Amino acid sequence: MTVPELDSEQVAVYQRPDALSDTNTHYCPGCTHGVAHRLIAEVVDEMGLRERMIGVASVGCSVFAYNYFDFDFVQSPHGRAPAMATGIKRVLPDRIVLTYQGDGDLASIGMAEVVHAAARGENITCIFINNTNYGMTGGQMAPTTLPGQKTTSSPNGRDVEVNGYPIRTAELLSKLDGASYVVRRSLHDPKNIRLAKKAIRTAFEVQKRGLGFSMVELLSICPTNWGMTPRQAIQWLEEKMIPFYALGDYKVNPSVADIKI
Amino acid sequence: MTVPELDSEQVAVYQRPDALSDTNTHYCPGCTHGVAHRLIAEVVDEMGLRERMIGVASVGCSVFAYNYFDFDFVQSPHGRAPAMATGIKRVLPDRIVLTYQGDGDLASIGMAEVVHAAARGENITCIFINNTNYGMTGGQMAPTTLPGQKTTSSPNGRDVEVNGYPIRTAELLSKLDGASYVVRRSLHDPKNIRLAKKAIRTAFEVQKRGLGFSMVELLSICPTNWGMTPRQAIQWLEEKMIPFYALGDYKVNPSVADIKI
Amino acid sequence: MPPKGRIEVNEDLCKGCELCVMNCPQEVIALNMERMTKRGYHPAELAKPGCTGCGICATMCPEAAITVYREVIQKPA
Amino acid sequence: MPPKGRIEVNEDLCKGCELCVMNCPQEVIALNMERMTKRGYHPAELAKPGCTGCGICATMCPEAAITVYREVIQKPA
Amino acid sequence: MAKEMMKGNEAVAEAAIRAGVQAYFGYPITPQTELLEWMSRRMPEEGRAFVQAESELAAINMVYGAACTGRRVMSSSSSPGVSLMLEGISYMAGTEVPAVIVDVMRGGPGLGNIQPSQSDYNQIVHGGGHGDYHPIVLAPCSVQESIDLTVLAFDLAEKYRSIVIILSDGSIGQMMEPAELPPMMPLKTSFPEWAVDGAAGRERRFLSSIYMDAPAEEVANMRLLNRWAKIRENEIRYKEYYLDDAEYAIVGFGSAGRVALSAVRQAREMGIKVGLLRPISLNPFPVDAIEALGKRVKGILVVEMNTGQMLDDVLLATRGKVPVEFYGRTGGVIPFPDEVVSAVQRLAAGPIVTTGHPRDRWMKFMSFLN
Amino acid sequence: MAKEMMKGNEAVAEAAIRAGVQAYFGYPITPQTELLEWMSRRMPEEGRAFVQAESELAAINMVYGAACTGRRVMSSSSSPGVSLMLEGISYMAGTEVPAVIVDVMRGGPGLGNIQPSQSDYNQIVHGGGHGDYHPIVLAPCSVQESIDLTVLAFDLAEKYRSIVIILSDGSIGQMMEPAELPPMMPLKTSFPEWAVDGAAGRERRFLSSIYMDAPAEEVANMRLLNRWAKIRENEIRYKEYYLDDAEYAIVGFGSAGRVALSAVRQAREMGIKVGLLRPISLNPFPVDAIEALGKRVKGILVVEMNTGQMLDDVLLATRGKVPVEFYGRTGGVIPFPDEVVSAVQRLAAGPIVTTGHPRDRWMKFMSFLN
Amino acid sequence: MQTEILIAGFGGQGVLFGGQLMAYAGMEYGKQVTWIPSYGPEMRGGTANCTVIISDEEIGSPLVRHPRVLMAFNLPSLDKYESAVAEGGLLVVNSSMVERSVDRKNVRSILIPANEIAENLGDKRLTNMVMLGAMLANQPVLPLEAVEKALEHHIPERHKRLLPMNIKALRKGAEFKPVAVK
Amino acid sequence: MQTEILIAGFGGQGVLFGGQLMAYAGMEYGKQVTWIPSYGPEMRGGTANCTVIISDEEIGSPLVRHPRVLMAFNLPSLDKYESAVAEGGLLVVNSSMVERSVDRKNVRSILIPANEIAENLGDKRLTNMVMLGAMLANQPVLPLEAVEKALEHHIPERHKRLLPMNIKALRKGAEFKPVAVK
Ligand SMILES: Cc1ncc(C[n+]2csc(CCOP(=O)(O)OP(=O)(O)O)c2C)c(N)n1
Ligand SMILES: Cc1ncc(C[n+]2csc(CCOP(=O)(O)OP(=O)(O)O)c2C)c(N)n1
Ligand code: SF4
Ligand code: SF4
Ligand code: SF4
Ligand code: SF4
Ligand code: SF4
Ligand code: SF4
Ligand SMILES: [Mg+2]
Ligand SMILES: [Mg+2]
């Protein structure tokens with residue numbers, strides 16, 4: 001059916017952000033990697049940072065992130081994005097440097113690099129996509145896979161006694177003095193998406209003011225590897241992930257408090 | 001002068017533990033690596049574990065630890081002892097597997113391996129020697145170097161803004177579900193040494209009962225690289241390290257509570 | 001009376017995931033099951049009147065495929 | 001009256017670090033500045049009477065070089 | 001046993017299980033992941049150890065630890081993951097503990113792509129970790145051979161206290177072919193006298209790669225080298241096809257060897273007497289066989305899926321005694337047989353050039369193509 | 001500038017500073033640590049970036065990040081640490097970003113020891129990370145040459161968008177010699193048009209090593225190879241000593257080259273007409289010079305502090321046209337000149353053997369020794 | 001004798017299983033076989049294709065530039081591979097998804113509305129069987145019965161009850177003949 | 001002309017600085033020089049030794065099997081290196097720490113109680129200068145003045161006030177002569 005045009009004066013209240021390039025993504029339908037991308041782009045636009053941004057893509061489904069943003073980007077070896085970001089930030093301290101990492105990338109192979117970037121109070125921002133599995137390689141167990149969750153490498157469900165316990169990354173990093181802003185948000189509904197955006201904005205403000213390390217963990221869906229429709233996946237995130245990965249602020253440096261956004 | 005022999009019946013109330021081999025150590029005079037070694041050996045003797053022990057030496061001043069214990073040992077690449085220990089423990093689950101690591105080894109290059117061993121609840125014990133520097137290579141800054149502390153790679157004193165903040169490892173690992181027993185003790189006086197021994201004993205009991213990952217962090221002196229006499233070093237540890245690295249129990253799995261030793 | 005709105009879906013980008021559909025408070029979006037985009041997806045579209053231009057669909061869209069328009073309400077001076 | 005004790009220092013192992021010396025509650029240990037061990041250290045030794053066999057020196061010794069003896073106190077039956 | 005259709009990666013995994021592997025440690029990476037996934041299901045079924053490690057670095061050190069106990073151990077990965085294992089591999093070599101590692105090669109350098117490639121030949125055969133050591137390297141070209149070499153790998157690893165690397169690639173790993181698995185072998189019950197597994201009723205043992213005293217390290221280096229000489233004597237493997245009457249020969253391993261086989265048949269249909277020597281053990285390399293081959297043919301064509309890495313080993317073996325040409329495709333491109341046929345035709349047509357390097361001549365040819 | 005007495009490691013560090021290095025990332029390891037320590041003091045003094053990374057893995061990726069901005073960047077390590085850098089090095093090669101890495105070699109494999117060695121030749125020159133790429137490798141033999149090659153390294157790295165590795169060893173790193181530092185160069189103010197440093201006033205840029213499409217990766221591989229051909233044309237460096245009238249020649253690099261120089265002098269005193277060719281660029285290797293040398297002498301002796309790694313490159317260059325012998329000490333042992341003199345005497349005395357491999361003949365000789 | 005079959009389409013059209021079935025059948029029929037998929041980073045639908053080789057002798061290259069048979073399940077596959085088919089080879093086109101006709105003159109081609117036939121048979125997922133049937137009837141590679149037997153052995157357990165339908169689909173496809181070359 | 005000097009003793013005896021001083025002096029005197037320490041994993045005292053080469057032409061190997069000069073600061077050093085000294089070379093032995101005499105007949109040797117001399121001069125840390133003085137007076141490698149000048153340039157700032165004492169120690173050492181060979 002056709003919906004008639006509005007006849008009164010109208011204005012675009014939402015448009016695709018400039019900081020996204022005009023490229024089609026390779027993400028699966030419904031994958032909230034796309035939402036995270038959009039939020040970053042919106043914040044970059046709002047803060048006018050496009051010309052100062054340098055992104056570090058990691059290895060995972062977001063490996064091609066460098067294609068999707070209209071600002072400078074590099075692509076890191078698996079897990080090493082915080083180290084690359086450190087290298088960039090140290091020579092260009094006035095740029096806003098961002099890593100974009102999955103949970104396999106950041107919390108598994110890249111654990112040492114992110115812990116040390118946080119401990120150093122490295123003035124960078126990590127956007128951390130927690131989708132409880134290795135999306136890119138076909139859905140293996142990640143450090144974030146929930147107890148009992150079936151993946152292609154925990155075919156009988158994650159048995160914590162044998163496969164270990166999931167890691168709550170935001171909680172972990174919050175223990176480090178160099179970390180200024182460490183929070184967890186979710187991408188499963190409009191309200192939480194708005195909160196996620198606010199957190200990304202705060203993280204960039206933290207970096208802009210030189211307050212040190214910031215990380216925004218984002219609970220995200222992977223319908224393909226979860227074997228669900230996007231709808232089901234959203235529901236699963238809400239029902240299974242959030243109880244385990246409590247949303248909230250895990251570390252907020254006092255001087256972050258007066259960032260008003 | 002000569003002190004006369006006791007004339008009444010006498011008994012040896014303290015003897016060199018059997019689980020130490022008869023080798024001279026290469027440690028500097030006063031280095032408390034030696035104390036930590038002795039405590040481990042005493043516990044092994046008391047628990048009768050000599051024939052079940054497998055130690056994993058790391059890279060640092062304790063690289064030759066395999067020479068000093070009278071039980072089986074392997075020697076790991078720098079930082080990877082928890083991974084080697086995992087490999088051993090998984091094929092020989094009834095052995096008591098121990099890593100012995102310095103702060104450069106465990107908290108710097110080996111951060112990912114120890115975090116993941118803890119997260120997996122790997123049923124091994126890490127003895128972690130925190131002496132605020134890289135002893136073996138001549139006293140460079142470690143993740144544990146105190147703010148302001150001079151080392152050969154922080155010649156003007158550790159500037160936390162540039163060199164980052166020290167990592168409190170016990171606190172960090174205590175955030176992981178797989179960690180059963182994570183405590184910090186010190187080796188600077190007899191009372192604390194006794195507490196340290198008790199902690200090592202508890203950690204081995206935890207492992208024996210299959211309760212998962214245990215780590216005992218031991219504050220230790222490095223007179224040579226601190227440029228002090230052993231006496232001065234002991235005082236420095238007490239006055240500078242303990243206020244920063246609070247002694248205590250950071251994670252004690254409830255089922256550890258009923259281990260009576 | 002709620003404001004009147006309208007959305008435009010960029011069909012080059014839409015992948016028919018329905019995240020907009022399931023979140024539209026007015027339930028006015030649906031996939032068009034009769035058409036396929038170049039990439040082989042059924043695109044989302046405004047299926048009935050009643051859009052308020054609230055922007056929630058755009059907030060959900062992983063592909064940033066939605067532009068939202070809203071009528072300008074002249075406030076009494 | 002405190003029990004009587006005695007220590008023996010294995011001079012092959014002792015490195016003269018003085019951790020025993022500084023911690024002996026009876027202050028009866030000292031380094032022998034007149035002798036050197038094979039490895040070139042001044043060894044610790046019991047320097048005066050008064051050792052109680054408390055074992056504190058051994059608790060401190062990084063080289064496990066000290067053996068501690070204590071007299072057996074016969075308890076009244 | 002009957003043949004089953006199996007994916008190369010899965011066949012390797014199951015073959016390892018049949019060969020009595022007691023612990024597997026790995027990390028996902030395309031195009032190797034099916035191997036890990038197979039292990040994640042089957043190893044617990046058999047009551048054996050499977051750990052998905054936090055990284056390849058951790059995986060290789062888990063392997064190292066488990067190998068020190070004298071048990072059969074294995075890991076697998078693909079190119080970038082193998083780069084992360086090299087420190088650990090060098091340690092294992094220095095400690096003289098056996099282990100089997102599978103590298104399912106993909107296009108590089110860097111992240112590259114996930115298509116089949118042979119561009120880690122130098123890394124695996126010549127370079128790799130620091131220090132003087134030589135891993136045994138076996139290159140299968142089919143699912144069946146993947147199975148057979150996996151079983152052999154465990155035996156050789158133990159026999160020589162050596163690392164054995166199965167150098168496969170994405171196409172062999174992903175392909176399905178009928179193949180026969182070996183019967184299930186019983187697990188080992190006795191362990192070597194160097195194994196560190198708890199000093200019950202014996203003197204303590206330790207294993208390390210440290211020789212602080214340089215002359216002692218030299219002795220260790222020479223021990224490794226002498227063992228390597230034994231391996232060179234006993235463990236060279238290769239396969240010859242149509243070489244009896246050949247005037248020209250192709251040398252190619254793994255997938256490139258298969259492509260070459262098709263090319264040989266096509267070329268023979270066209271009347272060119274060409275054969276194939278397919279090295280199976282890349283290390284030790286069939287130096288003598290290739291030297292001998294060089295003496296009996298008019299020219300050799302080396303075919304690889306890289307820019308000519310094994311080529312240098314062929315040149316070392318032939319020592320300028322026979323014209324050598326090179327044809328390679330790189331970056332994940334698999335050559336089609338007809339390309340190789342053309343290269344054979346060029347070789348057979350002459351004029352035969354013997355100056356300069358075959359790689360340079362090939363580069364010139366490729367630049368015409370692109 | 002006047003000469004100063006400097007330690008090799010410190011001289012390299014200060015030379016890099018004079019050459020305008022803008023960021024240094026490293027991790028302590030003997031016998032390289034003085035380099036890092038020097039940087040920890042001097043870089044902040046100059047207002048430049050110094051980070052003691054948490055590991056070599058982190059260090060190389062910090063280098064990678066900083067290199068992507070087009071600034072001059074550097075790291076340094078020793079053998080096991082370099083093994084941990086290989087994934088990163090392969091990525092940098094694939095991304096075509098310049099960087100300078102210093103490897104102060106020690107005995108291996110594994111933890112080995114901290115004595116001077118040359119046993120990473122294969123790792124650095126041939127193998128290393130996964131994939132098809134070629135780092136430029138420069139081998140100094142003295143403190144002065146360490147300085148000169150460090151400055152050169154930055155220029156070559158930028159010119160060819162290449163990784164340049166300074167392959168030093170513990171003895172050169174720890175030794176003090178008088179040497180002249182270059183004057184302080186002003187920092188770069190303009191940056192290459194590929195540099196990723198914020199899209200101010202220009203289109204965005206990105207840098208990656210990914211070519212998902214195999215043919216595109218092949219194009220990238222060929223671009224690297226063609227650039228390598230240019231490097232081979234322009235950047236071969238070596239030094240000749242006493243070769244004019246030589247009947248025999250030694251080939252040796254770095255520390256072994258110095259030892260060989262002493263041996264040459266001693267042998268000449270004994271009336272043996274021997275000279276020395278000391279490769280300075282190990283990659284590209286002076287193939288033509290050595291081939292030519294092979295044609296004019298009666299025999300070549302290769303001297304290395306390993307089990308004969310460069311030896312194969314010499315054999316490739318000489319192609320059986322001249323007898324080649326090998327003398328090596330390994331595991332951190334530095335040969336004394338008189339050992340090399342003896343090897344020269346054996347070579348000169350004949351009978352000259354041309355069958356078998358020089359390494360095998362050397363092994364036999366060593367086994368008599370031990 | 002060696003026959004190479006390239007099967008190409010969208011993910012979800014049963015392309016990979018169709019190829020595997022041919023490989024199973026070939027194996028059980030005593031032939032040498034290889035099956036090799038193209039694989040990419042996409043977890044996400046997109047394209048899928050595989051090559052099956054069935055031969056009397058040890059198989060060399062698992063990929064060939066000019067396969068004897070192309071089964072094109074959709075338009076992009078036809079566009080991409082039409083020119084590759086060996087001279088005199090066979091092209092089986094799923095005309096339900098492909099609106100154009102075949103350009104090549106020197107190959108035989110079958111245009112078969114496989115989707116519709118499958119849907120008529122009651123299940124869209126039978127498309128691949130229909131296509132296979134058409135191919136088998138027109139290319140002397142394996143008897144139809146060999147494939148039917150293989151199907152019996154290798155149809156996933158949960159689809160066992162669909163076996164008769166699958167066989168029907170195979171046979172239905174087998175009724176198709178190449179179009180006359182104009 | 002090339003002279004190789006091996007200096008060996010305990011850590012803390014000034015062995016490494018003594019060698020460096022020779023190298024500085026050689027450099028300032030217009031010679032080619034190298035100084036190379038032995039280095040080990042021990043942060044912890046133990047032994048220390050270094051080799052200095054002073055030459056008229058480009059120096060090859062920084063280590064030699066048979067150094068012209070050995071300065072042995074303690075017994076283990078003498079035990080280890082005595083046999084290495086080149087025929088006709090010079091052996092300077094710190095007799096304060098070495099109770100035995102020299103076995104070699106075909107070298108010249110100086111036995112000098114360097115510790116005591118140093119202590120008599122007022123500072124045990126002058127031992128190395130005493131040893132150097134003895135060597136310089138008996139081996140034509142560099143004039144004593146060259147070393148004195150180098151000392152002036154390179155003595156650490158915090159020890160500047162000890163310069164005259166150091167020079168005294170050098171000169172005191174220079175009074176010693178080789179023992180007659182029995
Ligand atoms: C060193 C290395 N190891 C493994 C891989 C293979 N690999 C690619 S992506 C990936 C996992 C990505 O998972 P995650 O970070 O959770 O991202 P997602 O795809 O879920 O967004 C792995 C293991 C690699 N590219 N490099
Ligand atoms: C991969 C690698 N990097 C660096 C080194 C050099 N190294 C040896 S010990 C050591 C530091 C040890 O410090 P720590 O762990 O604190 O132990 P400590 O000596 O203080 O007891 C380093 C960096 C190495 N051997 N291997
Ligand atoms: S596989 Fe999962 S994470 Fe990756 S694009 Fe698809 S839905 Fe997203
Ligand atoms: S350097 Fe420090 S840690 Fe190492 S042995 Fe000496 S005192 Fe102990
Ligand atoms: S959310 Fe976006 S991509 Fe998904 S159906 Fe709606 S418009 Fe299409
Ligand atoms: S703007 Fe609001 S009302 Fe309009 S379609 Fe989107 S969600 Fe529905
Ligand atoms: S503590 Fe031990 S080593 Fe130290 S002085 Fe006393 S006995 Fe000797
Ligand atoms: S046992 Fe007690 S009293 Fe006796 S010497 Fe030791 S510390 Fe002193
Ligand atoms: Mg993930
Ligand atoms: Mg330490």
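Sequence lines set the chain letters: A, B, ... in the order given, protein chains first and strands last, and positions in each chain run from 1. Computed from a prediction, not measured in an experiment: that's the story for all the values here.
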Q | Heavy-atom contact with chain B under 4.5 Å, split by part of A:Leu176 | A | side chain
Q) Contact part of A:Ala107 toward chain B, heavy-atom cut-off under 4.5 Å: side chain, backbone, both or neither? A) backbone
Q.
Looking only at heavy atoms and a cut-off of under 4.5 Å, which of A:Pro143, A:Gly110, A:Ala112, A:Gly79 has the most pairs with chain B?
A. A:Ala112
May I have a table of the donor-acceptor pairs connecting chain A and chain B at distances under 3.5 Å?
from	atom 1	to	atom 2	distance (Å)
A:Arg90	NH1	B:Val162	O	3.1
A:Arg90	NH2	B:Val162	O	3.0
A:Ala107	O	B:His116	NE2	2.8
A:Ser108	O	B:His116	NE2	3.3
A:His116	NE2	B:Ala107	O	2.8
A:His116	NE2	B:Ser108	O	3.3
A:Ala119	O	B:Tyr165	N	2.8
A:Val162	O	B:Arg90	NH1	3.1
A:Val162	O	B:Arg90	NH2	3.0
A:Tyr165	N	B:Ala119	O	2.8
A:Arg168	NH1	B:Asp177	OD1	3.4
A:Arg168	NH1	B:Asp177	OD2	3.0
A:Asp177	OD1	B:Arg168	NH1	3.4
A:Asp177	OD2	B:Arg168	NH1	3.0

Q) Partners of B:Pro147 by side chain to side chain contact (heavy atoms under 4.5 Å, CB included), sequence neighbours excluded? A) B:Val160, B:Pro166, B:Phe244
Q | Pairs satisfying ring-ring contact (aromatic ring centres under 6.0 Å, His included), at least one member in residues 137-157 of chain A, at least two apart | A | none
Q: Tell me, with the steps shown, if A:Leu173 and B:Leu172 meet side chain to side chain contact (heavy atoms under 4.5 Å, CB included).
A: CA-CA 8 Å; A:Leu173 296 186; B:Leu172 188 73; 5.8 Å; no
